[in-house]
Structure formats: structure tokens, C-alpha cells
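Here the structure is laid out as C-alpha cells; the discussion comes afterwards.
Quick caveat: nothing in here was measured; it's all calculated off a predicted structure.
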Amino acid sequence: MNWSRIFIISILVILSFFKLEAKKEWVLVRPHLKQDEFIETINCIDSMNCYLFAVNLDTTEIHRSTDQGKSWHFVNRRVLKYDNGLLNILRVRIFNDSNVYLSYSEKIALEVSENGGKDYRYVTFGSLSDYTGSTFDNIDIFTDSISAGLTFGGKIIHTVDNWHSFEIIQAPDSIFTFRPIHFIDSNNIVFARHNNHNAELIRYNKIEKTFDIFTRGNKPIGGKNIDRINDFVFLNDSLGYACGSRFTDKNGQSKSLLWKTTDGGRNWIKLVDTFFDPPFGLQRIAFRTENHGIAIGSWGKIVETTDGGENWFQHEVRPDMKQMFPLFEWAGSYPLFYSPGGGIFRLETVTEVEELSSDEKFRVYQSGRNLEIAINDPTQSVYTFSLYSQTGQRLLTRSVNSSFGFIFQPVELIELSNGAYFYTISSSGGVEFSGKLVVAE
């Protein structure tokens, strides 16, 4: 007699009396604390250390979250001084709990903090900083010493000692520098080319002081309907994703574009070329794993993939999320979305039965036909998830990694007909947890 099969069927019979139903929704976790507050950036160093930088008239504040964006507490406050001609903050990068970088919209200058935003060192760049009207358009930080930025119009400025010294490089006239910018390694920088080859990436080698085409684009006929790269992210030396837009002749609307590279950015495969509503392209992209990512655009556009970009679905959002200039960041397994019209929202699972185990080790949520599983096991072991029919037939297995604390991982299921299904979570020592999944539409 197959005793393991009898054991599994016994579990299924017991669990048939329980039901787990769940859904996800965007929850406002931090509204604006002041009437004129605007959040310039959200940066998560890891799942338990997230920072935001907020501006309110002539005051800036840094707040921190240690619970994946659910709650925020004040870190420090600073009053801006305008005697250097620094009027409007353009971009903020919080690299770690010490290093903070500010650039401004009307002047090529930086403010650098090395003590978490308490004090700032004002950095200017010779004659480039003598007049207003230009800006440090974007900055990428490789280490707390090595970083680089682009000026709007043709210059790369980089440092190897955290902006105590720097080198200014003029790009050739045929290359109009534009964000985004990314360090391939400590000596090679790539950035988007802002002209009729905007889907191209240009590489600059700091040692040889040379420019070359890193990713070649296709020049449109007549210079119209240009593919534009607005943001990219690299998960490792080979895998990366990018998002962008293409203006069309249809009432000034833009298509949304998504790409994927598996060779470090040399070649890109176009994943999506379509209209997402509202039709104004995609501006930011971020992946928390190699397969699970989100891209956003203005007016509340959020699209998500859980299969490495093969399929994307669009989120329904709240009315107070539909604003221009949104921000997005992964706080561990939780997506954070900032809208100037509302504040910071977190995508949360709303469920009738939140905790299914009394030993505080396993948590399972149902989201439509899929599950999210968190295993609190600091050994970071690999567990096996198995799904069964009501007769005990195993339908699929998936691997789930444990972590320190509850960090949820999506488990994508096969197409299931309506009915009850049962699952187990096993380690090398056998079945440790089990539950029931109900599919009903």
C-alpha cells in the first residue's frame, strides 16, 4: 500500500473544511504630511531599509521605513539655501544610509551628503556651473566612490573619489547625451542617445576615453516615430529590461515599449509595442527577481510581469494614483507607488485568513488563481510546493526559497478549472505545511 498517498489524501480531507480567499489592492500607507510636500525619490537599499526624500517649499526631509514600506519615520530635516542659485531639486539618489546626492534643474551642480542627509558638500564644475539653464540630467552610482552623471546636451562627468575630484568629457557632436545612464563595470558607462537613433545605447570607456555604439538602433524614415528608451534595469551581467515610448501621429499619443536583453545590453528583444491606457508610454521599470517586474507611466499606468516579460497585465488603480510624475520602487516583495495626488501606495494582499500556521514559519495567500508564499527560515533553504487534485493526483511542483522574515514569492499555477485543490510545502525532511486552494469564477 502507498502510505505516502494515503497521508496526502488524509490531509486533503481535513483541509476540505477550510477556505482561503484573497485579493490585492493598492493601500495608501503614507499620505502627504504637509500640503505642499512632494516626494522626489524612494530608494530601497534592501527589503528592510527604504528611504524617501521629500521637499516642502524650502525644507527637505528624509524618512525611513524598516517594514517594507508599510510605515515611515522621520530621519532628518534641512532648510535649503538659495544663495548658490539652487532653486529646484531635479533628482535625488539615496545610495545607502550615508550617501545622498542632489542635482538641480537650473544649474550643473551637485550636493553630496556623506552622513545620511544631515550635511551637504556643494560641488561645482568650473565654467559649466557659472550660468543657469542647464542641468545634471541623470546620475548613476557604482560604488560610494565611483559615480557619473550626464549634462543635458553632451557632457559626461565622472568621479572616483565621491566628487572630491572629477573629469569632464565632451561627447562627439553626433551624440546628444540623455538618460538613462548605467555602469557596465567600473570603467564602462552606457547611456541613451537622444536623436534619431534614440533606441541606441552609447558606451564610454573611461580608460581609453572612447565612445562607441553599444546597442545599434534602427533609424526611422524621416526621423519620425522614434523609439525612445526612458529607463532600464540590469539584474546581472547579462539580463536586463528596458521601457520606453514611441510618439505616434494619433493625437500626440505614445505607444508603450518594453525590451529584454540576455547579453548585457548588446542586443534587445522587443517584448511589447502597444497602447496601454492612458496612451503616454512607460517611464520607469524595476524588477525584484529575474522574472518579476513592474513598469509604470504617468496617470496611474502600472503593468506587471511574473514570467520574465513574456506576458504583462495592467493594474487597476485608485483615482488618487492617476497623476503625472509618479515613482516606483520594490520594498522587498511589496511594490511601492508614489503619486503626487495622494502619497505612497503599497500593493497588499487582503485576505480573510492571513496566517495559516501557528508556528510562524509559513504564510500563504491566494491572489486570483495564483498564490504568494513566504517561508520564515533564515537558512534560506529550498522548499517544494506541490499542488494536488481532490483525488490526490499531483498536478505540479514549484521550488520556493525561504528567507529571514516573511518575504513573499509569487507561485504561478497552471490553468485550473473551478473547484478545490490542495497543496503541500515540503523540505528534505518531508511535508511541513499544507492547505487548500479554491478556484471560483
Above 12 or not: heavy atoms from other molecules or residues under 6.0 Å from [atom1] of [X]?
X	atom1	value
Asp273	CG	yes
Lys118	NZ	no
Phe325	CZ	no

What pairs with [X] under side chain to side chain contact (heavy atoms under 4.5 Å, CB included), at least two apart in sequence or on another chain?
X	answer
Ser399	Val382
Thr384	Ser386, Thr397
Thr305	Phe287, Asp307, Trp312
Pro335	Trp26, Ile294, Phe328, Trp330, Leu347

Restricting to ring pair (Phe, Tyr, Trp, His ring centres under 6.0 Å), what partner residues turn up for Tyr120, sequence neighbours left out?
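Checked Tyr120 against ring pair (Phe, Tyr, Trp, His ring centres under 6.0 Å); zero matches.
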Residues forming a ring pair (Phe, Tyr, Trp, His ring centres under 6.0 Å) with Phe214, sequence neighbours excluded:
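In terms of ring pair (Phe, Tyr, Trp, His ring centres under 6.0 Å), with neighbours along the sequence ignored, Phe214 is linked to no residue.
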Side chain to side chain donor-acceptor pair (under 3.5 Å) involving [X] - partner list, sequence neighbours excluded:
X	result
Arg30	Glu37
Thr261	Asp263
Tyr338	His32

Are the aromatic ring centres of [X] and [Y] under 6.0 angstrom apart?
X	Y	answer
Phe276	Trp299	no
His164	Phe166	no
Phe385	Tyr423	yes

Short question: side chain of [X], backbone of [Y] - any donor-acceptor pair under 3.5 Å?
X	Y	value
Asn56	Thr59	no
Gln68	Ser333	yes
Asp227	Gly244	no
Lys301	Pro278	yes
Asp377	Ser402	no
Ser65	Ser71	yes
Arg121	Glu114	no
Lys260	Gly308	yes
Asn43	Arg93	no
Gln314	Asp277	yes

Between the side chains of [X] and [Y], is a donor N or O closer than 3.5 angstrom to an acceptor N or O?
X	Y	answer
Gln323	Ser339	no
Thr143	Ser145	no
Tyr334	Asp67	no
Arg228	Asn230	yes

Give the ring-plane orientation class for Phe362 versus Phe433, where under 30° counts as parallel, over 60° as perpendicular and anything between as tilted.
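Judged by the thresholds at 30° and 60°, the geometry between Phe362 and Phe433 is parallel.
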Below 30° counts as parallel, above 60° as perpendicular, anything between as tilted: where do the rings of Phe345 and Phe337 land?
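Ring orientation, 0 to 90° scale: tilted.
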Nearest 0.5 Å please: distance from the [atom1] atom of [X] over to the [atom2] atom of [Y].
X	Y	atom1	atom2	answer
Leu336	Ile344	CG	CD1	6.5 Å
Trp259	Trp268	CH2	CH2	9.0 Å
Leu150	Ile108	CG	CD1	11.0 Å

Side-chain ion pair, Arg64 and Asp97, N-O less than 4.0 Å:
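Judged by the 4.0 Å cut-off on N to carboxylate O distance, Arg64 and Asp97 do not form a salt bridge.
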State which residues pass salt bridge (charged side-chain N to carboxylate O under 4.0 Å, His left out) with Arg346; sequence neighbours excluded, sorted by chain then number.
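For Arg346 the salt bridge (charged side-chain N to carboxylate O under 4.0 Å, His left out) partners, ignoring immediate neighbours, are Glu348.
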Only counting residues at least two apart or in another chain, list the ones meeting salt bridge (charged side-chain N to carboxylate O under 4.0 Å, His left out) with Arg318.
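Arg318 satisfies salt bridge (charged side-chain N to carboxylate O under 4.0 Å, His left out) with Asp320 once adjacent residues are dropped.
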Kindly give the heavy-atom pair with the smallest separation between [X] and [Y], and that separation in Å.
X	Y	value
Ile62	Gly117	CD1-CA, 3.8 Å
Ala148	Ile189	CB-CD1, 3.7 Å
Leu102	Ile89	CD1-CD1, 4.3 Å

Report the C-alpha distance between Phe234 and Ile184 in whole Å, list the side-chain angles of each, state the deciding distance to 0.1 Å, and finish with yes or no for side-chain contact (heavy atoms from CB on, under 4.5 Å).
CA-CA 9 Å; Phe234 286 87; Ile184 301 175; over 6 Å; no
For Cys50, all residues meeting disulfide (SG to SG under 2.5 Å), sequence neighbours excluded
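Disulfide (SG to SG under 2.5 Å) check on Cys50 returns Cys44.
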Give the intermediate values and the outcome of side-chain contact (heavy atoms from CB on, under 4.5 Å) for residues Phe136 and Arg91.
CA-CA 9 Å; Phe136 234 136; Arg91 304 196 191 282; over 6 Å; no
